[in-house]
Novice: 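For reference, the structure I am asking about is given below.
Only a predicted model underlies this, so the values are computations on that prediction, with no experimental measurement involved. First listed ligand is number 1; within each ligand, the first listed atom is number 1. This chain uses plain numbering: 1 for the first residue, then up along the sequence. The figures that follow rest on heavy atoms only: side chains count, while hydrogens, waters and symmetry mates do not.
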Amino acid sequence: MKPQSLYQVRPGLYAVDVRPLGIEQFLSTYVLLGREVAVIDPGPACSIPNLIGALEALGVRPSSLRYVLATHIHIDHAGGAGLLLEWAEGAKLLVHERGVKHMVEPGRLWESTKAVLGEIALAYGEIKPVEEERIAGLREGDEVNLVGSLRLHVLETPGHASHHLSFFESGGRILFTGDSAGVYIRSLGAVVPTTPPPFRLDLALASLDKQVELKPEVICYAHFGHAEEAIKMLEGHKEQLRLWAEVVKEHLNEPLNAILELLMSRDPNLARLGRLVKEDTVMHAVLTRSLMGMKGFLERKSP
Ligand SMILES: [Zn+2]
C-alpha cells in the first residue's frame, strides 16, 4: 500500500485510494475510525484487497468493522460489499431500502451492469450476494451510530440514481456525496457531472439544494477525494448542471462529440481538463455517458 493512498481527512475519518483496476485517484473509500468502524462505498470486488490492506494499516481488525455503507449500489461503489463482508464476519451492509433486494439477489443487477459496462464489469469482478440477515435498508432521516466514532445522518439524494443516498456528519459538517455532486478532479480543481441514463435533472437539482441546506463544510466525493468550501462546490455544480442542460437542449439532434466540443468552450471545468476530455479514456467515458443521461432526460421532457 503506497503511503499517499491513505490519508486523514479529519480526526477519525480517513480516505483510501482503493485503485480499482489499478486506476489511481478514481475511487475514494472513506473509513470512519472509532472503537467501531464503518466504511463508505467499499468499491468493486477487484479493489477490496486494497481496502483491506488500508484497514489493516489503520489497525482495524475484522471484528471492529461494524457497517459497510453504500451511497448507491452501482458496481464501482458497492460491487465488492459481499467480499468485504466475508472478511468482516460481524459487519452489516447498509444501502437504500430499494437497493436491498438487488444486493441479496444480485443476478439482475449483475446482468444490467454487464450490459452497460461490458468488459469493465468483468474486470471489476462479480457482485456477490449478501445474506439477508447481514443487510439493512436505509431511508431519509435514519441515523447510523457507531461506538466511539462519528454519527451519520441519512438523506435521500436521487438524480444520478433513484436509490442514491448521501451521509452527513453534523459535528464536523462533513457530507459524503457518492455520485450526487459530480466527479471531482482535485489536481485541476474541476468538477464534471456524472449523470448517466436514466438521469433525472429535476431530482438531482433538488438533491443538491437539500445538501446545501445542511451547511456542510467538507465534501467527501466518491470520485475522488475531499474538498473544503463544500457549499461553493455544490452551488457550482448546480450551475454546471443547468449550463449542461441548456447547451444539450439547444443541440439535442447533434452528435454527442459535437455537444462535448461546445461544452468545452462554455464550461470552465471542462476547459480546465483540456486534452483529458478526449484523451483520458475513463474521463471520456464518464462525460459521454453523462451527456447521454442529460440528453435522455431532456428528450423525455420535450414534447
Ligand atoms: Zn453511480
Novice: Taking the ring of His160 and the ring of His72, is the distance between their centroids below 6.0 Å?
Specialist: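 Under 6.0 Å, so yes.
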Novice: May I have the angle between Asp179 OD2 and His72 NE2 with its vertex at the Zn ion (ligand 1), rounded to 10°?
Specialist: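 Nearest ten degrees: 90°.
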Novice: I'd like to know if Arg151 pairs up with Glu143 as an ion pair, taking the criterion as any Lys NZ or Arg NE/NH1/NH2 lying under 4.0 Å from an Asp or Glu carboxylate oxygen.
Specialist: yes
Novice: So which N/O/S atom does His74 have closest to the Zn ion (ligand 1)?
Specialist: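 Minimum-distance N/O/S atom of His74 relative to the Zn ion (ligand 1) is ND1.
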Novice: Distance alone, cut at 3.5 Å: any donor-acceptor contact between the side chains of Asp41 and Thr29?
Specialist: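 No pair is found: no donor N or O on one side chain lies under 3.5 Å from an acceptor on the other.
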Novice: Looking at the Zn ion (ligand 1), is there an N, O or S atom belonging to His77 that lies under 2.8 Å away from it?
Specialist: no
Novice: Do NZ/NE/NH1/NH2 and the carboxylate oxygens of Lys278 and Glu261 come within less than 4.0 Å?
Specialist: yes
